[in-house]
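Nothing here was measured: the structure is a model prediction, and the numbers come from that model. Naming convention: chains lettered A, B, ... in sequence-line order (proteins, then strands); numbering from 1 in each chain.
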Protein chains: 2
Amino acid sequence: MSVTLDSNQWNLVYNVFSFGLISMLACTVYTLVSQSRVLPKYRNALVMSSMVTFIAGYHYFRIFNSFDEASEGMVVNVSGEQGAFNEAYRYVDWLLTVPLLLVEVIAVLALAKEVSKSLIMRLVPASAAMIALGYPGEITSDKNTAILYGVLSTIPFLYILYVLFVELGKSLERQPAGVAETIGRLRLLLIATWGVYPISYILGMNGDPTASSFVGVQVGYTIADVLAKCVFGLTILKIARMKSHAEGMAADH
Amino acid sequence: MSVTLDSNQWNLVYNVFSFGLISMLACTVYTLVSQSRVLPKYRNALVMSSMVTFIAGYHYFRIFNSFDEASEGMVVNVSGEQGAFNEAYRYVDWLLTVPLLLVEVIAVLALAKEVSKSLIMRLVPASAAMIALGYPGEITSDKNTAILYGVLSTIPFLYILYVLFVELGKSLERQPAGVAETIGRLRLLLIATWGVYPISYILGMNGDPTASSFVGVQVGYTIADVLAKCVFGLTILKIARMKSHAEGMAADH
């Protein structure tokens with residue numbers, strides 16, 4: 001099984017992967033060196049953001065090389081065999097980064113220890129289950145199997161939304177001015193970007209990929225990843241700085 | 001489509017790319033380790049300068065490898081297909097670094113929060129639009145399309161100049177002695193180096209590249225990039241030090 005791209009399509013995918021790779025790496029360094037700009041209690045949230053973009057940067061490096069090596073005269077091998085374009089890098093990436101992203105949100109809020117622990121103990125397994133259940137549906141060529149795993153994967157997704165919007169909402173009332181709104185925007189960013197993944201999943205269910213569905217899925221995933229990891233991480237830094245200043249850190253730091 | 005270089009031309013381009021690569025990396029490390037030489041409020045401007053040269057260093061590494069791999073006996077493949085010299089790395093680079101460079105200027109001025117925010121909210125989208133509109137014109141082989149996108153891309157460019165020269169000018173009056181002149185030189189550096197990009201763009205419009213136009217464009221872009229990113233970043237460091245001393249930091253720091 002293969003996909004034949006024209007030169008504009010091939011270059012678009014190639015350059016979008018390179019863009020994803022360097023965005024992740026630059027964001028990793030930026031959040032690492034910005035630690036002194038927030039109070040110590042918020043630094044762990046920044047380190048987690050660095051880890052998320054570091055892991056994603058590694059995977060974009062692999063995806064970029066995989067795409068180049070699986071292409072021969074712009075015909076991309078998507079057979080799933082050795083030497084084919086390896087879509088599974090994305091699932092390995094998400095399995096690690098999605099739980100970390102959720103822990104990052106809880107860490108930056110600096111909630112009471114029991115509240116944090118309870119949220120993390122539910123969000124982490126739910127997000128791991130969501131990714132793990134999506135994978136068998138992604139690699140199958142049977143449409144019914146894809147639908148079954150798509151539905152199964154949606155259950156923990158809805159549970160995560162419930163925890164973030166209903167349970168976390170209660171904790172936001174005690175946050176300093178401006179923080180609740182920024183967290184609100186962060187949740188919207190999360191919904192908007194996570195929405196791309198099921199759309200790509202459903203697009204991928206319709207049998208063999210066409211050139212335009214392949215390009216759409218790869219570009220869509222990459223933009224969603226940059227928003228959900230880099231822009232997300234920079235928003236976490238912003239929240240950490242707002243909270244640090246509200247708690248007495250000099251505003252010129 | 002290909003360009004046949006002689007050995008002097010081929011080596012010049014190859015070595016200029018290597019020069020660009022190491023200039024960017026050295027500047028990245030220099031601005032990162034110089035943070036303690038300025039007051040905390042100016043450190044973010046230095047970190048952004050590091051990010052600009054880090055992202056550019058990554059792209060020069062890719063451009064250098066792409067040029068080598070696309071060359072066979074000093075005949076450079078510029079067909080736009082897989083394995084060709086990938087000019088688009090430059091656009092991905094600029095899409096990330098040009099907005100960051102402008103934010104860097106605003107950050108080092110440490111203006112009132114609302115003024116900074118208003119400038120950034122206009123400069124960042126304008127610069128992203130400028131780069132994004134240039135790209136379709138760069139990759140097209142149709143001259144009219146190239147002219148159309150060249151003109152469209154000039155509109156946000158002129159707007160950026162207006163913001164930097166007219167609006168930012170008002171804020172410079174309250175800066176310490178010497179800073180206003182250095183900012184003035186920084187803006188001239190920006191105009192002089194950004195002027196190289198439209199010249200190269202226009203050179204590239206005249207159909208297939210000749211050996212000398214190819215060499216001219218690559219050498220011109222690289223020198224412009226080193227001036228606009230490394231020399232620019234070192235000037236930002238100088239401004240941050242002048243301001244830090246004016247605000248009481250010991251002059252021997």
Side-chain angles (χ1 to χ4, degrees), chain A residues 4-38 53 57 60-61 64-65 67-77 178 222-223 226 230-231 234 237-238 241-242 244-245 249-253, chain B residues 1 28-29 31-33 35-36 38-44 46-63 65-66 69 78-97 100 103 110 112-113 135-136 138-141 243-244 247:
Chain A
T4 305
L5 304 181
D6 68 29
S7 66
N8 283 345
Q9 290 171 324
W10 195 89
N11 280 299
L12 178 64
V13 173
Y14 187 77
N15 288 308
V16 161
F17 287 161
S18 179
F19 164 78
L21 166 51
I22 188 59
S23 300
M24 296 298 175
L25 291 188
C27 195
T28 302
V29 178
Y30 187 73
T31 45
L32 270 184
V33 299
S34 296
Q35 285 195 61
S36 63
R37 298 175 73 211
V38 303
T53 49
Y60 271 93
F61 179 79
F64 178 88
N65 285 350
F67 176 68
D68 196 27
E69 286 158 15
S71 300
E72 181 115 25
M74 301 184 293
V75 178
V76 189
N77 175 354
T222 308
I223 293 173
V226 169
C230 297
V231 177
L234 297 178
L237 171 60
K238 186 184 172 189
R241 281 174 56 73
M242 286 166 84
S244 296
H245 295 156
M249 192 183 205
D252 63 358
H253 252 75
Chain B
M1 199 162 59
T28 302
V29 177
T31 45
L32 267 186
V33 299
Q35 284 193 63
S36 62
V38 303
L39 289 178
K41 68 202 266 199
Y42 300 116
R43 287 179 192 163
N44 198 35
L46 290 191
V47 175
M48 293 226 219
S49 172
S50 305
M51 291 307 100
V52 165
T53 49
F54 176 63
I55 293 167
Y58 165 82
H59 285 111
Y60 271 95
F61 179 79
R62 290 285 189 202
I63 287 169
N65 285 349
S66 174
E69 286 159 15
V78 290
S79 66
E81 295 182 0
Q82 191 192 0
F85 177 62
N86 184 17
E87 190 74 59
Y89 282 130
R90 298 197 180 277
Y91 279 81
V92 179
D93 178 75
W94 298 333
L95 193 60
L96 291 165
T97 56
L100 276 171
V103 174
K113 213 161 189 175
Y135 180 67
E138 176 81 33
I139 59 160
T140 186
S141 50
K243 295 192 72 170
S244 296
E247 287 162 32

Q: Identify the two heavy atoms, one from Ile22(A) and one from His59(B), that lie closest to each other, and give their separation to 0.1 Å.
A: CG2-CE1, 3.7 Å
Q: Evaluate the side-chain proximity of Tyr14(A) to Tyr89(B): yes if any heavy-atom separation is below 4.5 Å, no if none is.
A: yes
Q.
Within the structure provided, determine whether Glu138(B) and Arg90(B) are in side-chain contact (heavy-atom separation under 4.5 Å).
A. no
**Q.** Asn15(A), part contacting chain B, at a heavy-atom distance under 4.5 Å
**A.** both
Q: Please look at Leu96(B) and chain A and tell me whether the side chain, the backbone, both or neither of the residue comes under 4.5 angstrom of a heavy atom of that chain.
A: side chain
Q. In terms of heavy-atom pairs under 4.5 Å, which option from Lys113(B), Met48(B), Met51(B) contacts chain A the most?
A. Met51(B)
Q: Specify which of Val47(B), Asn44(B), Asp93(B), Leu39(B) makes the most heavy-atom pairs with chain A at under 4.5 Å.
A: Asn44(B)
Q.
Please classify the contact of Phe67(A) with chain B as side chain, backbone, both or neither, using a heavy-atom distance under 4.5 Å.
A. neither
Q. Closest approach of Tyr60(A) and Thr222(A), non-hydrogen atoms and distance?
A. OH-CA, 3.2 Å
**Q.** Part of Asp68(A) within contact of chain B (heavy atom distance under 4.5 Å)
**A.** both
Q) Closest heavy-atom contact between Gly57(A) and Leu21(A)? A) O-CD1, 3.3 Å
